[in-house]
Amino acid sequence: MRSIRRVVAVGLVGGAMALTAACGGGGGSTAGGAAKADLGAGAAGAKPAAAPSAAASTGTVPKVSKAAVSIEPKPGSVDVAPNALKIGATGGKLTTVNVNDKAGKEVPGTISADGSSWTPTAGLEVGTAYQVSAMAADADGAVATADSDFSTLTPTELAKASDNVDNDATYGVGMIVSVNFSKDVANRDEVARGISFETSNGTVVKGHWFGDRRLDFRPEQYWTPGTKVVVHYRLKSVEIAPGVYGGDRDEPFTIGRSQISTVDAATHKMTVVSAGQTSDIDISAGAPEHPTWNGTMVVMSKEGVVRMQSSTLPGMTGAPYDLQVPHSMRLTDSGTYVHGNYWSSSSTFGEDNVSHGCVGLKDVQGGGANTSMGKFYDGTLVGDVMVVKNSTRKETLDPSNGLSGWNAPWSTW
């Protein structure tokens, strides 16, 4: 795209000053003095002497800057992509760049170290008119400027970004924010940059893609209790896929007390460390035919009474069942829960593993407030951590199965 160039002749300033001095009072040239004498004598048809030019007064030719400023898009452009603005200079260095919307709001940006380009801090807003002016100077200080005006496109197609947090809610220290998009994401890097985390204690949060539609965020270690978090979505002007854009919003939430529960499938015990207090609870994990996953899981949701059917489990062996299971809290997408169990004998808990992969605590039908599971359920937050160890299951829990991203090392997150 050709540059829009307007050259400023810096020599004109000095020339104009010399001209003013030459036309001043006493001490003028002899020719000027003679003309005045003639006119003063009333000579007919006499004409004043022509004023000398600026070049004649200074003896120099106006300088043409070797610098050239280029702006894309060109003046009058419409339906411009928010990331299409490019400002550069050749033969010199950019000195000043001003980009403003129609309301006069300035777009922040940075001139490169070598002065050859200017880059906006963030993409432009969609559906907005902009004005641009830029100046560059060559090695001799002669300047060149360029201007442009254009308007960005108005999106015709949007992609929804939904996540698993609610405004002003409180979550456990293992909480992972999982964002799901309604369309495949083509520009992953731009989308990831468009979602940022503001934390009250400077905690750094990083995102990890699982496929083309899911982006999970977590810190390197579990959250510090009491951390205030605001998720900033700035996707309104980000092209998620060709011609598809997102939206802007802010979502604040808080990290509550720490609770980490460790299930030992070999000893049939669960040790709960909550706000510094430790307690042990008898449990029953997955039977040898259906062992529980080993690894770190996070409570995804508290679902209360859930209907669980053996017919939904591929490869299920043993007696079929169809149960209304109380105090159910989901741990994986594939169906691992920690829940109440009222159908097994009391001697099962702490002694045997009989479930189809879930972690069961003693309960009563419909759920009792004072049962082992009832108390654990009431004291648990979404985002609390559950670690299972010593299960006979050999496969590793996939980090994408539920909020299990803690099983992925930070170096590959």
Side-chain angles (χ1 to χ4, degrees), residues 82-83 108-110 119-126 158-183 185-241 245-260 296-301 333 381-386 399-413:
N83 60 354
T110 305
T119 304
T121 302
L124 304 181
E125 296 287 333
V126 293
L158 300 176
K160 183 179 180 181
S162 56
D163 63 29
N164 58 333
V165 298
D166 294 324
N167 286 347
D168 300 317
T170 299
Y171 297 103
V173 297
M175 188 61 179
I176 291 177
V177 177
S178 185
V179 184
N180 287 272
F181 295 87
S182 60
K183 298 181 181 297
V185 176
N187 301 318
R188 290 186 177 184
D189 290 343
E190 289 188 39
V191 169
R193 285 192 294 268
I195 305 174
S196 62
F197 283 69
E198 177 186 351
T199 60
S200 60
N201 53 13
T203 299
V204 176
V205 178
K206 190 165 65 172
H208 183 87
W209 287 96
F210 293 111
D212 293 329
R213 296 195 179 194
R214 177 178 168 186
L215 177 59
D216 283 12
F217 291 90
R218 70 168 176 89
E220 183 175 5
Q221 305 294 334
Y222 297 144
W223 296 92
T224 300
T227 303
K228 303 289 185 182
V229 185
V230 181
V231 188
H232 298 291
Y233 287 87
R234 296 295 179 266
L235 300 175
K236 176 182 176 182
S237 300
V238 174
E239 190 175 29
I240 293 174
Y245 290 79
D248 293 352
R249 69 181 188 273
D250 296 322
E251 291 183 343
F253 65 90
T254 301
I255 300 299
R257 85 288 173 272
S258 174
Q259 179 170 296
I260 300 174
T296 301
M297 295 170 246
V298 172
V299 175
M300 301 171 60
S301 57
D333 292 325
L381 296 172
V382 170
D384 280 348
V385 178
M386 289 198 66
S400 68
N401 191 353
L403 303 179
S404 303
W406 298 107
N407 295 293
W410 185 245
S411 59
T412 61
W413 183 256

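Only this structure's heavy atoms are used, side chains among them; waters, hydrogens and symmetry mates stay out. Fair warning: this is a prediction, and the values are worked out from it, not measured in the lab.
- Evaluation of the side chain to side chain contact (heavy atoms under 4.5 Å, CB included) rule for Thr119 yields no partner, not counting sequence neighbours.
- For Asp248, the salt bridge (charged side-chain N to carboxylate O under 4.0 Å, His left out) test picks out no residue, with sequence neighbours left out.
- Under the salt bridge (Lys or Arg N to Asp or Glu O under 4.0 Å) criterion, the residue pairs touching residues 215-227 are Arg214-Asp216, with sequence neighbours excluded.
- Taking the side chain to side chain contact (heavy atoms under 4.5 Å, CB included) definition, one finds that Thr170 meets it with Thr254, Leu381, sequence neighbours left out.
- Looking at residues two or more places apart in sequence or on another chain, you find a side chain to side chain donor-acceptor pair (under 3.5 Å) between Asn401 and Ser334.
- Qualifying side chain to side chain donor-acceptor pair (under 3.5 Å) partners for Asp163, counting only residues two or more places apart in sequence or in other chains: Tyr233.
- Scored by the ring pair (Phe, Tyr, Trp, His ring centres under 6.0 Å) test, Tyr245 finds no partners at all (sequence neighbours excluded).
- Ala159 meets the side chain to side chain contact (heavy atoms under 4.5 Å, CB included) test with Ser182, Lys183, Ile240, Val244; sequence neighbours excluded.
- Applying the side chain to side chain donor-acceptor pair (under 3.5 Å) rule to Thr227 yields the partners Asn201; only residues at least two apart in sequence or on another chain are considered.
- The stretch residues 403-412 participates, sequence neighbours left out, in no side-chain hydrogen bond (donor to acceptor under 3.5 Å, both in side chains) pair at all.
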Item to check | Trace of the side chain to side chain contact (heavy atoms under 4.5 Å, CB included) decision for Asp212 with Val185 | outcome: CA-CA 5 Å; Asp212 293 329; Val185 176; 5.5 Å; no
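- Formation of a donor-acceptor pair under 3.5 Å by the Ser400 side chain with backbone atoms of Phe210 is not found in this model.
- Residues forming a salt bridge (charged side-chain N to carboxylate O under 4.0 Å, His left out) with Glu251 (at least two apart in sequence, or on another chain): Arg249.
- Looking at residues two or more places apart in sequence or on another chain, you find a side chain to side chain contact (heavy atoms under 4.5 Å, CB included) between Asp250 and Val230, His232, Arg234.
- A side-chain contact (heavy atoms from CB on, under 4.5 Å) with Tyr171 holds for exactly one of Val229, Asn164, Asp384, Asp166; it is Asp166.
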